[in-house]
Structure formats: structure tokens, C-alpha cells
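All remarks here apply to the structure that follows.
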Amino acid sequence: MRKLIDNDYLTLLSRLLVGGMFIYAAFYKIVDPAAFAKSIWFYHLVPGKFINLMALVLPWLEVTCGIAVIIGFWHRGAKLWANIMLIVFIAALGSTIVRGISIDCGCFRAAKSATHSAWNSLWFDVVALVFALQLLISRSTRWMLSAR
Amino acid sequence: MIRQAILLLVISTVLGLGLNLVSPNKVDFVGKFRDLSSGDNPIVPPTAEPNDPPFIGINEAQMEFATGKTLFLDARNAEDFDCGTIPGAINIPFESLPEGDLGKFFDSALAVPKDHPIITFCSGEDCDLSLHMGRNLKLLGYTNVAIFFGGAREWEKFGLEMQRRKQCGN
């Protein structure tokens, strides 16, 4: 098991998948922060005053961590954030299901039209978290800019 | 690890807040979002757009209800509808609208003229199905649509009669 987790190729694959997903997910949020802020509002988890700040900073955290994970620079901090963000996303999405809230999740696009299934996004995030956890515990530093 | 994580957060904060100053799509740093509560004013969700049908509050919804002419349209799924809705409302779950010609579908499902007063609603502030339903009806040519965003929860909160087809939890 340890050998599999530390596998250079698996770790590279995880870096590309997790990093790529975060960068892709951030794109629409950065382009239209107002729409993303509205998506956050619908979760009813963040106090109104802080929603815009979160909508401005969170996508950039996704981008910087995505880049850091892919190029392998400050990758330890980035992997930590990737796991934290995914766990928070899963908890937030899960809470909408438990509370019976019907919303656009705002995960990959700041959606305006049809209601997005929270279940689909939830499963996607869970799969992403598996790769992110592998990254977190993998000792492979091959093909990274900096091993530190 | 923690040091790197803090540095990443600082860089992201500087980028996010800094670029917002020069972005064509910039937003206020402090949001003006309404916290969860209900009052006499119509609740207007932040996703509302200028062309949306008008939003009405509990008072207006109640007045429309009292006319007995307005069609109340519950956009939630059948289970929520059965658990408690505005009396006389009809149920068309927005999430399971059929594929194909929606115009024909609504013509037969609503069975009212295009200028008939219609009020869409769902559970309340944590649900945007009423908004999407209202928008769709307007696009399909219904000219007298309003959205009661406070929904079933606000209706019940103000002590108004609910129609329950079955007993549900809480």
C-alpha cells in the first residue's frame, strides 16, 4: 500500500488531476465574482458581510494551490489547502442535502439557470478528495520544482 | 507545511482583493447580502435580475390568495408539496420539467390564459426553484407572473392555513 501511495506516476497523476480541477473550477468564479457570491449566499452558511470577501479570495486560493500542486513548489502547504477545501466543500454540499436546500452549487460555474444536482458535485468532490489525500501522504517528490 | 499554507493564503488574498480593484467585474469588499430572516418586505434573492417577474411579500401573496383567482404554483417536488403547501396551490416540480415543448406542457398543466395571475413559490429563502419557474413562465409568454420568494415557510410562519396531504416530520 505504502509503495502504491508513494508511486511517482500515481502522484504525478494526482497532482495533475487535483491541481487541474482547482484551476478549472476557479476560472468562472474569478471572471464573475458577483455570481459566485450569490452562489455562496444560497448555502446560508457564511454571514452576509463576509460573502464577497470569500468570493474574491477563495478562487485565487484554488488557483495558487492548483499551480503549486502541479509544478511542485510549496506543494506541502498547497496539498494541505486542497484537502481542507475539499472537505469544506463536501461538508457544505452535504449540509444542503441534509437541510433539503435546492440550490445551484456554484462549484464549477457560477450557475444561473437550472438547479444543479448537489449529489453529482458531492460525489465528484469525494473522488477528488481521494486523490488529494493520496497527495498529502505520498512521499514522492519526483518532477517537482522544489522537494520542500 | 503550515508556513507554506499561510503564504499561499496571503498571496491569494492579495491577488483576490488587489485584482478586484481593477477588475471590470469588481464587487464591494463587504457584501450587502440579506441574512436569513423574513419581514413584511418582499424577499428578493441576490440572484434576481432586472427582467425577472416581480417579487411579492407575504402581504401581497395573502391578498392575491384572498381574491381566489390567482393560481399558486408550488415548484418543489411532490413530497415537499404533500407535506404542506399554500391551500389550493398546484404542484409542478421545476426539477422534473419534461424535455421538449415546455410551452405546450404549461398550456395543458396550468390550463389558464397567458394573462392569468400566477404566483410561483417553493420552500422559502433556501430554495430558488420559484425564481427559475417564474423566469421560465415569463419567457414562455405568461404576462402576469409574480414570485413569492418567502414561500411556504413564510406562509406558515405568519400563521396562515397550510394544506397538508400527509403528515411529515417536524
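Just so we're on the same page: letters track the sequence lines, and every chain starts at 1. As the structure is a prediction and not an experimental result, all values here were calculated from the model.
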Given side chains that start at C-beta, do those of B:Leu19 and A:Trp60 come closer than 4.5 Å, heavy atoms only? yes
Same cluster or not: A:Val57 versus B:Leu21, using hydrophobic residues (I, L, V, M, F, W, Y) connected whenever any side-chain heavy atoms lie under 4.5 Å apart? yes
CH2 of A:Trp143: more than 12 outside heavy atoms within 6.0 angstrom? yes
Hydrophobic clustering (ILVMFWY, side-chain heavy atoms < 4.5 Å, transitive) - are A:Ile137 and A:Tyr9 grouped together? no
Spacing of B:Ser12 atom OG and A:Leu56 atom CG [to the nearest 0.5 Å]: 12.0 Å
Looking only at heavy atoms, which two atoms of B:Gln4 and A:Arg76 are closest? And how far apart? OE1-N, 3.1 Å
Inter-residue atom distance A:Leu53.CG - B:Asp28.CG, 0.5 Å rounding: 10.5 Å
When rounded to the nearest 0.5 Å, the distance separating CD1 of B:Ile11 from OG1 of A:Thr64 is 7.0 Å
Any side-chain to backbone donor/acceptor pair from A:Trp81 onto B:Ala5? Under 3.5 Å, distance only. yes
With a 4.5 Å limit on heavy-atom distance, are the side chains of B:Asn20 and A:Asn52 in contact? no
Examine whether an atom of A:Ile40 lies under 4.5 Å from a heavy atom of chain B, and if so say whether it belongs to the side chain, the backbone or both; otherwise answer neither. neither
B:Leu131, part contacting chain A, at a heavy-atom distance under 4.5 Å: neither
Going hydrophobic residue to hydrophobic residue with side-chain gaps under 4.5 angstrom, can you get from A:Val88 over to A:Leu122? yes
Out of curiosity, does A:Leu12 fall in the hydrophobic cluster containing A:Phe73 (side-chain heavy atoms, cut-off under 4.5 Å, transitive links)? yes
With a sphere of 6.0 Å drawn around CZ of B:Arg3, does it hold more than 12 non-hydrogen atoms of other residues, nucleotides or ligands? no
List the atom of A:Pro33, the atom of B:Asn25, and the distance in Å for their closest heavy-atom pair. CG-O, 3.3 Å
Of the backbone (N, CA, C, O) and the side chain (C-beta and beyond), which part of A:Leu61 lies under 4.5 Å from a heavy atom of chain B, both, or neither? both
Are more than 12 heavy atoms, taken from residues, nucleotides or ligands other than B:Glu79, located less than 6.0 Å from that residue's CD atom? no
Taking everything shown except B:Phe29 itself, do over 12 heavy atoms lie less than 6.0 Å from its CZ? yes
